[in-house]
Structure formats: C-alpha cells, structure tokens
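Since we're looking at a predicted model, the values are computed, not measured. Numbering starts at 1 and runs along the sequence shown.
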Amino acid sequence: MALISNEEINAIRASANIVSIIGSYIPLTQRGKNYLCVCPFHDDHSPSMSVSEEKQIYKCFSCGATGNVFTFVSEYENIPFIEAVAKVAEKCGMKLSDSTYKSNVSQTFKEEHEIMELSQKFFQNNLRTNAGVEALNYLKKRGLTDEIVKEFGIGLSLDSNDALMTLLTKKSYDNKKLLDIGLINNVSGKMYDMFSRRITFPLWDKDGNIVGFSARIYRDEKNVSKYMNSRESKLFKKGETLYNYHNAKDYAKREKAIIVVEGFMDAIRISNIGIKNVVALQGTAMTEQQISLLKKLRVKVILCLDNDNAGLLATVNNGEELVKHDVETFVIRLSGQKDPDEYILANGNEAFVKNVETPMTFFEFKMNYLKQNKNLENVEDLSTYINDVLKSLSASNDEILRELTLNKLSKDYDLSLDMLKNKLNGLSPVESTRSVSEPIKEKTKKDGYTIGMEKILYFMMNGEQYIKEYQCKLGFFAEPIYREIANEIVYFYEENKAITVADFITYIVTKNEIKGKVMEIVNESVNDDVTMEAMDDYIKAVMKIITKNEIKRLKNLQKSELDIYKKMKIAEQIRELKKEDV
Ligand SMILES: [Zn+2]
C-alpha cells in the first residue's frame, strides 16, 4: 500500500474542520462552544455526542466513543483508517501526494483484481456491441433501465468459447491464475470461458472489488442451468460478502435501515425502483461475517426473503441470530409471488414500497409464525403456543418488548399476568437483564491517584509546556500503561516538534495496547480547561500519593529490618519524605 507520511496526515487533519465533516453525516446543533448530535455509534435517542471545534475531537457521553475526524469517518463508514484519511482529504479538496494511492484495492491480490477488472470491462463492452443486442433487449424487456444496467455493471460473455481467455492470455496472464479465480473452466484438459453465452453480473467484496461473477442464460436454452456462479476462490468467499454492500451502505445509513433479500436479482430489481439500501445474501442462511457486516451499519435490518418455505425458515433463523447480536430486526413477508423480483414485476413499484414502509418487528413476525398449524381454541395447542412465545421472548434483552408481549398475551388469552411473568423469569437466562439500547460501557469509579495521572496525561497531549512540566516535576509513572502513554506522548512530541490531542489520536490508532486507554482519557477530559495551574494541582496530588505510598513501603521495610543501623537509615528516609509532604 502506498504510504502517506505523518506530516501529510497531520496537514490533512489541520485543514479539515471536524464540525463540518461530522456535520456532513449527521445534523449538529451548537451548544456553547461545542456542537451536539445523536451518536451514530450506539442506539442513541437523545443527543449524546459532543463535538469540540477547539480540540477537533468528538466524544459520546454514553457509549464512550471518542476520536478525531479520521476515526469518525473510519468508524462511520466502516472503512480502514487510511481510507478515511483519503476520504477526508477528498472532502477538503486536498490531493494525496501519492497519485497511485487507491486504498481499497487489497495489494495481496493485485493481479487477480486487475484480471477481474479487465474481464468486467470486456463483458460490459460486449453488451454494447452488435453481439449484445439480443441480451440488451432481454434486459430491457425485463424492465431494467439503462442506468441500472450500468450501475450494476451488467455485461455479456460472448457465444465464443474462448473470447475472454484469448484476451487475457494475450495480456500474458497465465491460465493457472484464470482457472484459480474461476474465469475459465478445464473440461478434460481443454480450457473454456466459464460464462459463455450468458449475461454477466459482477460480484463484489465488501469494499467494492470484483471477486467473481454470476451469469444467466437469456435465450431459450434447454438442459443448462439458468444461473452459473463463480466458485469459491481465494478471491471470492461467498459467506464473507453481501451482494451490493459497498453501494448500499451509505444509503442504509441515510435511511437508517438496510433491506436484506436472497438473490442478487431481487437486489437489482429493488434498486431499479429507487430503493438503494438493499443487499442480497446469495443464499438463505446468514453467516457470522454477514451478520457482522450488517451490525457494523448500526441501522435496522429488514429481512425480505423469498415467499417459500425455505425463505420462511430462513427468516426465523436469521432473525433470531440478528436479535442475538442486538440488531434491531424487522420482517417483510410478500405474498403471491416467489421473490421480490417477481413481486415487483407483478404488482408494481408502489405495492412493494408500501411493504417497505410498514415492516413488522421480528417478534411480531415470530408470534405469527408460532401460531402456524395450531388451533388456538384447543387448550393443548394454546399452551404450546404460549410456551413457545415465552421461550422466544426470553432470548430478547428488550424490557419494553417483554412488558408489551406479556400484557398482550394476558389480555388476548385471559391469563394472569403474574403467572406469565413468573414463567418468563423461570426461562430467562441470567445475563439477559440488560436492555438493548443501554450503553455497554460500565464506568468504574476511579481513585484520586488514577484521575490525577490521567489528567496529567491529557494535559500533556495539549502542548509542549505540559510535557516539560511533567518531565521536570514527575518524569515517571510507576504504572506500566500510564508510563507507556507518557513515553508515547514524549516521543510524538520529539518527532513532530508539536502536539495536539487530535494528532496524537491519529498516532495511537494502530497502538492497540494503549489506544483504548488514551481514548478513555480524552473522552473524560476533553471539556476540561487546560491551564498550567490545574496541571500543577494534579501533579501535586499525584506526588502526595506517591510519597504516601513510599512511606508505607518504607515503614513495612523498617518493621522487617533487623540491622539497627539500616533501620535508622530507613527512619531518616521516612522523615525526609514526611517533610516534603506538606
Ligand atoms: Zn455513543
């Protein structure tokens, strides 16, 4: 990866105003010299995030999120730090010195990505030639607009069996590599283009790199499967991607929701009617990685899977997994047609939009699902149903949901609320008492010594004079993590001949051992008035405690010392320390 120097990163940070950058994502209101907004990093209902223009730092009072303009963009957009630097530079109209810098292309598979890009251009171009007329007509007939064809990079693999292979070998890419990434096929020793005679749809990884293709027939062909997909390769790992994620994530953040469908055609169809916050699983079961991608968006997830038994079961299972991961989950169940693609074709855009606007909560869906095949007039069925509902409710951490559901069950079936409550409590796992929206961070009370050290470290991040004061009056912290942070501050200052909190944060983002602590310190102190007087007060307080501890240690030593001369020497030391300590 191209390297950007620290000086350049700091210069970008200095010319970016954190208030306008965060303001470009979330509305901010000015409160005194700071700005407030709803925190995008936890389920925030009242503005908990404060942005300091003076310090160029943000902090959340509730979940503890803290950082500078780069960490914000990196976290918000769910992109690597260095990519966030590039993005901020772009937003400020600055150009990075390294013009070849393209951060989201993994260098590990540079050549593989080049081959994919080249193949993609070739396929896309084919669709615009005479050979592509029939395929393009087919797409038009299916109601896909020109913009969508472009947006989703739809192309055509020609009728010839080796058009792509010829092109790529001419560019001296070797066949082994083409086989590896699934662009060509080996049939009894003879090589062929993998996707001949098919319309091609590129598949991307989460960052938007093409990693494979899906291809479908467009003529009436017998005895061939409708779709053909790239096989899993070192480039293409189906379970690690969500189709269209790189395009949909910004829309999802804007809409505060992401729609999840099964097939990529569903995603394309839904985008075609202007709903862009949609991704496809390319299957039915959600993997851990897919859940983690969805969770990172911090928006609600709307499951809109196929209208068949597999889709129904997948909705139950995926929904449960999402809820377990504290993702706010909703469900749309379409009726009549097989999938969203066909539903929209048959019922029109508006019918689908209406569904999107009124999704049911996952729990509502689950309650209906549990009713299936049961006659609730029948006591036995009713009892099974109530037990199923309570069991599924016990998996939820949402207190409000629990309360509402119990009330509803009690009312609907004329059951005692206390009985239901007792039963639910009996089922509940012990750890599930925390409400989902509650911030995860628990603050432990800090003693004066810890507070003192942390304040001193914070002050040191604010300028040379505080570093000098520390070096001159303290020079050392006994606790390893604080010593480490102090050393890093001093080192940073000596390297850069200047220090600000915001630049120091850039420096420590890769230092995992101290990063968390530094962010915590900044979070707790960013609104402090930084003055030398306050610094000296903290130093005095810390020194007092250090002296006290030292006296305690010496007294213990004195007790166990047998040599009378040494004992006297220790007493002398204690007297000296006590003198200092006034
Ligand atoms: Zn927060």
Side-chain angles (χ1 to χ4, degrees), residues 43 45 139-149 151-152 242-245 247-284 286 290 294 297-323 327-372 398 400-401 404-405 408 412:
D43 183 13
H45 298 288
L139 290 168
K140 283 204 176 116
K141 224 167 62 203
R142 292 216 59 188
L144 297 181
T145 62
D146 240 12
E147 291 79 59
I148 284 291
V149 170
E151 195 180 321
F152 284 88
L242 279 165
Y243 179 77
N244 199 38
Y245 185 81
N247 281 323
K249 63 182 184 182
D250 285 348
Y251 292 105
K253 293 217 156 120
R254 217 167 298 156
E255 302 292 328
K256 297 195 186 315
I258 184 101
I259 301 169
V260 177
V261 294
E262 277 185 34
F264 72 88
M265 258 326 286
D266 300 319
I268 295 176
R269 176 71 58 199
I270 292 171
S271 286
N272 196 45
I273 68 171
I275 299 174
K276 305 280 185 187
N277 50 332
V278 58
V279 293
L281 290 177
Q282 302 263 71
T284 49
M286 247 181 219
Q290 289 173 326
L294 291 170
L297 294 173
R298 301 183 183 90
V299 299
K300 62 183 178 200
V301 169
I302 305 173
L303 295 172
C304 182
L305 307 183
D306 284 4
N307 181 29
D308 55 16
N309 236 338
L312 182 67
L313 264 178
T315 307
V316 177
N317 294 334
N318 294 333
E320 264 161 14
E321 282 307 308
L322 288 167
V323 170
V327 176
E328 204 186 344
T329 309
F330 289 78
V331 172
I332 294 172
R333 292 302 295 159
L334 300 171
S335 55
Q337 280 68 32
K338 184 180 135 286
D339 55 27
D341 179 24
E342 290 183 7
Y343 182 91
I344 290 168
L345 284 175
N347 303 288
N349 305 353
E350 269 167 36
F352 185 78
V353 171
K354 212 172 253 166
N355 276 290
V356 172
E357 283 168 351
T358 54
M360 55 189 145
T361 65
F362 175 70
F363 198 71
E364 228 176 306
F365 158 80
K366 183 78 190 284
M367 280 182 77
N368 287 330
Y369 172 78
L370 292 173
K371 270 185 202 164
Q372 276 194 346
D398 189 340
I400 300 169
L401 175 71
L404 287 175
T405 311
K408 189 169 165 27
D412 286 0

So do [Y] and [X] actually touch side chain to side chain, heavy atoms under 4.5 Å?
X      : Y      : answer
Val327 : Glu321 : no
Leu281 : Leu242 : yes
Gln290 : Val279 : no

Fill in: Residues which pass side chain to side chain contact (heavy atoms under 4.5 Å, CB included) with Glu342, listed by chain and number, not counting sequence neighbours
Gln337, Lys338, Asp339
[X] side, atom [atom1]; [Y] side, atom [atom2] - distance, nearest 0.5 Å:
X      : Y      : atom1 : atom2 : result
Ile275 : Ile259 : CD1   : CD1   : 5.0 Å
Leu322 : Asn317 : CG    : CG    : 11.0 Å
Thr315 : Leu305 : OG1   : CG    : 4.0 Å
Thr329 : Met360 : OG1   : CE    : 13.0 Å
Glu147 : Phe152 : CD    : CZ    : 12.5 Å
Leu294 : Tyr245 : CG    : OH    : 7.0 Å

Less than 3.5 Å apart, which donor and acceptor atoms pair up between the side chains of residues 351-358 and the rest of the protein, not counting sequence neighbours?
unit_1	atom_1	unit_2	atom_2	d
Asn355	ND2	Tyr343	OH	3.1
Asn355	ND2	Ala351	O	3.0
Thr358	OG1	Lys354	O	2.9

Worksheet item: Under the ring pair (Phe, Tyr, Trp, His ring centres under 6.0 Å) test, which residues partner Phe365, sequence neighbours left out?
Response: Phe362
If you look at every heavy atom in [X] and [Y], which pair is closest and at what distance?
X      : Y      : answer
Ala280 : Ala267 : CB-CB, 4.2 Å
Val278 : Ile258 : N-CD1, 4.3 Å
Asn318 : Met286 : OD1-N, 3.0 Å
Ala252 : Val299 : O-CG1, 3.6 Å

Response to the item:
Quick note, side chain to side chain donor-acceptor pair (under 3.5 Å) partners involving residues 260-278, not counting sequence neighbours, are Thr145-Asn272, Glu151-Lys276, Arg269-Asp341
Worksheet item: With sequence neighbours left out, which residue pairs that include part of residues 298-309 fulfil the salt bridge (Lys or Arg N to Asp or Glu O under 4.0 Å) condition?
Response: Glu75-Arg298
Discussion item. Just checking Glu350: does its CD atom have more than 12 heavy atoms from other residues, nucleotides or ligands closer to it than 6.0 angstrom?
Written reply: no
Item to complete: List the steps and the verdict of side chain to side chain contact (heavy atoms under 4.5 Å, CB included) for Leu345 and Arg142.
Response: CA-CA 8 Å; Leu345 284 175; Arg142 292 216 59 188; 3.7 Å; yes
Worksheet item: Residues two or more places apart in sequence or in another chain: which of them pass salt bridge (Lys or Arg N to Asp or Glu O under 4.0 Å) with Glu255?
Response: none
